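Inspection log for the structure reproduced underneath, given as structure tokens.
Order of appearance sets the numbers: ligands from 1, and atoms from 1 within every ligand. These numbers come from a predicted model, not from an experiment.
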Amino acid sequence: MSCCERHGAAGPVAVDPALAGLRIRPERLLGRLEQLAAIGRTDEGACCRLALTDEDKAGRDLLVSWMRELGLEVRVDRIGNVFGLRRGTEDLSPVMSGSHIDTVRTGGRFDGNLGVIGALEAIETLNDAGVRTRRPLVVGVFTNEEGARFAPDMMGSLVYVGGLPLKEALDTVGIDGKRVGDELARIGYAGDAGLGLYRPHAFVELHIEQGPVLDIEGVRIGAVESLQGISWQEVTITGQSNHAGTTPMRLRHDAGYCAAAIGTKLREIARELGGDQVCTMGLVKLHPNLINVIAARATVTVDIRNTDEATLREAERRFAAFLEELAAAEGVKIETRRLARFEPVQFDDGIAHLVEHHAGRLGLSCRRMTSGAGHDAQMLARICPTAMIFVPSIGGISHNPAEDTRPEDLAAGTDVLLHTLLELAS
Ligand code: HGY
Ligand code: MN
Ligand code: MN
């Protein structure tokens, strides 16, 4: 049953005409985005706020100050998720929006940030207009969405919906050897609110597409109805370090060669399966990582995704079989560690329809689409009707300092969010 039916509405409920003309304030939205983007800015112009670092803390502190300025009741839960509650006229389950503000090391200004600041902007627009919705509104800022420092990604929202035990999350050790629980306490965001603090009536996340579809097609808004499956693993190859000059090729157990072979095989699997299949070897570490030493050990990460679960499993099967052959052929030990595994997700058709409806009402072209990236929305979809709103990424670039979206698209997506939330909370 879609959210609209659950809502008791056959389709979009007519929004009070007086509110139909409500619009966010673009300069305020853009100003906050720039203020947040300045926290963790690197020399190459990237946004680097890895989860639970001092930069993440500084970003969280800024958000909490904005939430308080807007009169929201701020709560922090035990995995560090931050929530700002705006009461409604009735004490009903809230409509939630939000995203994340942690970034990858070479992050852009909008990934995650737009969803959080866009939700705050929608709320401030309602404050300015003196509008009180029937249902409460909640802005959620989820811990460690990126998973770049601590796997899995979407950790905070996964714990929130009960998909990962809190203790397991807190005991997770990151790529720098730090423990989630210790870092959370160190930055002062080990909150006391219980997990699953709010059971939302609905969840809507505004996000940049991070892919090329909307930009190439010249479409303004994406009504995101699904999200592809994600498979993350760490592969450790243990070979034998030896002299690069004296060791004949037939006697080598070269972990460095195996890392390269894995990268090549992943490209081959993607090509063989075609369609939506994507495979990435994002992290490679060699030991001792020296010019004249055959690598004794290699650690690589493998990110395999597909919109179709059966095909994703086939890609995983082919890769596992390849690792067995490689270990035997090179005489090395190969161990794998599962870092994340999420099946493809279908979002709520009714909410996607609301997004289309309000985009249309605002004169914005809109198309249904799937998400190639993982998002907190895929976790909230486990406990409530959920969908996403995309705005175009110029050139489809993301996880890159060049990540960019036109200001008018940032504002347009936030207006669609405002009216979608307004309708769901009315
Ligand atoms: O990996 C992802 O898709 C997201 O950026 N965490
Ligand atoms: Mn994101
Ligand atoms: Mn991201």
Derivation and outcome, side chain to side chain contact (heavy atoms under 4.5 Å, CB included), residues Ile269 and Lys265: CA-CA 6 Å; Ile269 291 171; Lys265 183 63 181 178; 4.1 Å; yes
Donor-acceptor pair between Asp276 and Thr307 side chains, under 3.5 angstrom: yes
Ring-ring centroid check His375 Phe347, cutoff 6.0 Å: no
Step-by-step side chain to side chain contact (heavy atoms under 4.5 Å, CB included) determination, Asp56 to Tyr189: CA-CA 10 Å; Asp56 186 20; Tyr189 277 88; over 6 Å; no
Set of residues satisfying salt bridge (Lys or Arg N to Asp or Glu O under 4.0 Å) with respect to Arg186, sequence neighbours excluded: Asp54, Glu183
The Mn ion (ligand 3): protein N, O or S atoms that are less than 2.8 Å away, sorted by chain: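 Protein N/O/S atoms under 2.8 Å of the Mn ion (ligand 3): Asp111 OD2, Glu146 OE1, Glu146 OE2, His399 NE2.
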With Arg109, the side-chain hydrogen bond (donor to acceptor under 3.5 Å, both in side chains) member among Thr103, Thr405, Asp404: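 So, applying the side-chain hydrogen bond (donor to acceptor under 3.5 Å, both in side chains) to Arg109 and each of Thr103, Thr405, Asp404, only Asp404 qualifies.
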More than 12 heavy atoms of other groups within 6.0 Å of Tyr257 OH: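 No, not enclosed.
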Residues which pass side-chain contact (heavy atoms from CB on, under 4.5 Å) with Asp192, listed by chain and number, not counting sequence neighbours: none
Aromatic plane relationship, Tyr160 with Phe83 - under 30° parallel, 30 to 60° tilted, over 60° perpendicular: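 Aromatic pair Phe83/Tyr160 classed tilted.
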What does the contact table look like for ligand 1 (nitrogen or oxygen on each side, cut-off under 3.5 Å)?
{"unit_1": "ligand 1", "atom_1": "1 (O)", "unit_2": "Asp153", "atom_2": "OD2", "d": "3.2"}
{"unit_1": "ligand 1", "atom_1": "1 (O)", "unit_2": "Arg305", "atom_2": "NH2", "d": "2.8"}
{"unit_1": "ligand 1", "atom_1": "3 (O)", "unit_2": "Arg305", "atom_2": "NH1", "d": "2.7"}
{"unit_1": "ligand 1", "atom_1": "3 (O)", "unit_2": "Arg305", "atom_2": "NH2", "d": "3.3"}
{"unit_1": "ligand 1", "atom_1": "3 (O)", "unit_2": "Gly374", "atom_2": "N", "d": "2.7"}
{"unit_1": "ligand 1", "atom_1": "5 (O)", "unit_2": "Glu146", "atom_2": "OE1", "d": "2.9"}
{"unit_1": "ligand 1", "atom_1": "5 (O)", "unit_2": "His399", "atom_2": "NE2", "d": "3.4"}
{"unit_1": "ligand 1", "atom_1": "6 (N)", "unit_2": "Glu145", "atom_2": "O", "d": "3.4"}
{"unit_1": "ligand 1", "atom_1": "6 (N)", "unit_2": "Glu145", "atom_2": "OE1", "d": "3.4"}
{"unit_1": "ligand 1", "atom_1": "6 (N)", "unit_2": "Glu145", "atom_2": "OE2", "d": "3.2"}
{"unit_1": "ligand 1", "atom_1": "6 (N)", "unit_2": "Glu146", "atom_2": "OE1", "d": "3.3"}
{"unit_1": "ligand 1", "atom_1": "6 (N)", "unit_2": "Asp153", "atom_2": "OD2", "d": "3.4"}

